[in-house]
Protein chains: 2
Amino acid sequence: MPQAADDNRSAPDTAERILDASEWLFAEHGFDGTSMRMITTRAAVNLASVNYHFGSKEALFQEVFHRRLAELNRQRLEAINRMEADAGGTALKPSQVLDGFFGPALEMAADTEHGGYTFMRLLGRTYTEPAEFIRKFMAVEYAEVVERYTAALYAALPEVPKAEIVWRLHFMMGAVSYAISGIDALALLTGHFDDDPALLKPRLTAFLLGGLRAPLPESANTATRK
Amino acid sequence: MPQAADDNRSAPDTAERILDASEWLFAEHGFDGTSMRMITTRAAVNLASVNYHFGSKEALFQEVFHRRLAELNRQRLEAINRMEADAGGTALKPSQVLDGFFGPALEMAADTEHGGYTFMRLLGRTYTEPAEFIRKFMAVEYAEVVERYTAALYAALPEVPKAEIVWRLHFMMGAVSYAISGIDALALLTGHFDDDPALLKPRLTAFLLGGLRAPLPESANTATRK
DNA sequence: GTATCATTCAAACGTTTGTTTGAATTCTGC
DNA sequence: GCAGAATTCAAACAAACGTTTGAATGATAC
C-alpha cells in the first residue's frame with residue numbers, strides 16, 4: 001500500500017508518471033485497447049506498480065478522470081459564482097453562461113504542454129463509450145455543475161422551453177466534443193487543415209450561440225413552458 | 001471459402017447473423033471490448049465461422065460499416081442530385097443541404113427495428129476512435145458525399161468564408177452524433193428524460209440552422225473568402 | 001448414388017491479458 | 001546505524017484473446 005492515497009508529496013513521481021502515460025494511451029487507444037504493459041512501459045515503471053498504487057486498471061482510469069475533472073468543474077463553479085454575484089440577482093446573458101461552461105474546457109484543450117489537450121480528447125471519446133462503471137462516476141462528477149448551468153440557462157432564456165434548453169445543451173456538448181477530439185477526423189474527411197488553432201474558440205462560440213438562440217421548431221412552439 | 005462473397009442469396013444467414021450480432025456488440029462495447037466469442041455466442045454460430053466468412057475481426061468490423069454506410073451515402077447522393085436538378089443551376093437553401101445530409105442519418109437512427117439505431121450509435125462512437133485502419137476506410141467511404149455537400153454549402157452561403165463552413169459542418173456532425181449516440185449520457189447528466197423521440201429531428205434541425213447561419217466571430221470578419 | 005464442393009464443428013494453437021506473489025530494495029523516524 | 005514501513009522488482013498465475021486446423025456434416029450437380 002502507498003503511504004497515503006491523497007498525498008502527492010510522499011509518492012515521488014511513480015504514480016504521476018503512470019497517470020500521465022495512461023492518460024495519453026487511453027486517449028489514443030481507448031480503455032480496452034490499452035494494456036497494463038503499454039502503460040508501465042511508457043511510464044518506465046514496473047508492471048506491478050499500477051496495481052500497487054491504484055488497485056486496478058479500472059481504478060486507474062477513474063483517477064485519470066478525477067484528476068482533471070475536479071479542476072475543470074471547480075473552474076466552472078467559480079466562474080458562475082463570480083458572474084452571478086456580479087449580476088446581483090438579474091439573469092446572466094446566454095453568452096456568459098456558455099463562456100463559463102465551455103471556456104475552461106477550451107482552455108484546457110488549448111494546453112498541449114501539460115496534457116490538457118490529451119485529456120480533452122480522452123473526455124470526448126469517453127462520452128460515447130457507455131461502459132457502466134464510467135457512466136456512474138461521470139454522473140457524480142458532473143452533477144453540481146450541470147444543475148447550476150442549466151438553471152442559469154433557464155433564467156437567461158425565459159422564452160425557451162426547458163426541455164428545449166436541455167436538448168440544446170446536449171447538442172452543444174457534442175459540437176464542442178467534436179471540435180476538440182475530432183480534428184483528425186475532420187482533416188481526414190475534408191483534406192488538409194491549415195488553420196490557426198487559436199481561432200477555434202471564437203468560431204465555436206459563434207456557432208454555439210447561434211444554435212442556442214435559434215428560432216424554435218414549429219412542433220415546439222405549441223409546447224408550454226413547464 | 002464461402003461460395004461468393006457478395007452473393008447474399010447463397011449464404012443462408014450465418015454471415016448476416018454475425019453482422020447483426022457484432023453490430024450491436026461493437027456499439028455496446030467498442031471494437032476492443034468485443035471478443036469473437038461474444039459475437040459467435042450472440043449470433044449462435046460456431047467460433048470459427050467469423051474467420052471463415054469474413055477473414056478476420058477487422059474485416060468483419062469493416063463489413064459492418066460498409067453494409068450501412070453504402071446505403072446511407074447512396075441516399076445522400078440521391079437527395080442532392082434530385083435537389084440540384086430541381087434547382088436548375090441556382091444555389092440550394094442551407095436548410096435543404098442540411099436536410100439532405102442529416103436527414104437520412106436521422107431516419108436511420110429512428111429505425112429501432114432493423115438495427116438502424118444500433119448502427120448510428122456505433123457510428124457516433126467510432127468517429128472518436130482514431131484506430132488507424134478505421135479512419136482509412138471511413139475516408140474512402142465518405143469522400144464523394146463530403147465533397148458534394150461542402151460544395152453545396154459554399155454555394156448556399158456565399159458570404160461565409162469556406163474555412164468557416166468546414167468548421168461548422170464539423171460542429172454540426174458532432175452535435176448530430178451526440179444527439180443520436182449520447183442520449184443515455186444526457187439522461188444520466190440531467191436526470192430522467194421523458195421526451196418524445198419523434199421531436200428530435202425538428203429540434204436538431206432548428207439548432208443546426210441557427211449555428212450554421214450564426215454571425216461570424218469578430219476574428220473571422222477580417223478574413224477574406226478564399 | 002457418387003463425386004465435389006461449401007459449410008460447420010470441436011479442439012487446439014501460441015500470445016496476451018490483468019492481477020498476485022514474495023523476495024529485494026529504498027525510504028523514514030529515531 | 002537500526003527497526004519498520006513503503007516501494008520496487010522479476011517471475012509467475014489462470015483466464016481470455018484471435019486465429020488455425022482437420023475431420024464431420026451439409027448441399028449441389030451429374
Picking from [options], which would you name as closest to the side chain of [X]?
| X | options | value |
| --- | --- | --- |
| H53(A) | dT7(D), dT8(C), dA11(D) | dT7(D) |
| S56(A) | dT8(C), dT7(D), dT19(C) | dT19(C) |
| L47(B) | dT19(C), dA6(C), dA12(C) | dA12(C) |
| K57(B) | dG18(D), dT20(C), dT7(C) | dG18(D) |

Nearest whole Å is fine: how far is [N] [atom2] from [X] [atom1]?
| X | N | atom1 | atom2 | result |
| --- | --- | --- | --- | --- |
| M38(A) | dT19(C) | CE | P | 16 Å |
| I18(B) | dT7(C) | CD1 | P | 12 Å |
| F54(B) | dG18(D) | CZ | P | 15 Å |
| I39(A) | dT19(C) | CD1 | C1' | 13 Å |
| Y52(B) | dT8(C) | OH | P | 7 Å |
| N51(A) | dT17(C) | CG | P | 14 Å |
| M36(A) | dA15(D) | CE | C1' | 15 Å |

Supply the atom-to-atom distance H53(B) NE2 to T14(B) OG1, rounded to the nearest 0.5 angstrom. 5.0 Å
At less than 4.0 Å, is any side-chain N or O atom of N46(A) found next to OP1 or OP2 of dA10(D)? Yes or no. yes
Run R17(A) and R42(A) through side chain to side chain contact (heavy atoms under 4.5 Å, CB included) and show every step you take. CA-CA 9 Å; R17(A) 297 246 297 283; R42(A) 178 169 237 263; over 6 Å; no
Aromatic Y149(A) / basic R76(A) pairing, under 6.0 angstrom, 45° off normal: no
Begin with the C-alpha distance, continue with both residues' side-chain angles, and end with the deciding distance and a verdict on side-chain hydrogen bond (donor to acceptor under 3.5 Å, both in side chains) for Q62(B) and E58(B). CA-CA 6 Å; Q62(B) 286 188 234; E58(B) 286 198 2; over 6 Å; no
So what is the end-to-end bend of the helix from dA6(C)-dT25(D) to dC30(C)-dG1(D), with 5 pairs used at each end and the value given to 10 degrees? 30°
Name the nucleic acid region contacted by S35(A), choosing base, sugar-phosphate or nothing; use a 4.0 angstrom heavy-atom cut-off, strictly under. sugar-phosphate
Base, sugar-phosphate, or nothing: which does T40(B) touch, judged by heavy atoms less than 4.0 Å apart? nothing
Which heavy atom in [X] sits nearest to a heavy atom in [Y], and how many Å separate them?
| X | Y | result |
| --- | --- | --- |
| T34(B) | K57(B) | O-NZ, 2.7 Å |
| L92(A) | A156(A) | O-CB, 3.2 Å |
| K201(A) | G103(A) | NZ-CA, 4.2 Å |

Closest to the 5' end of DNA chain D, once R37(A) and S49(A) are matched to their nearest nucleotides, is S49(A)
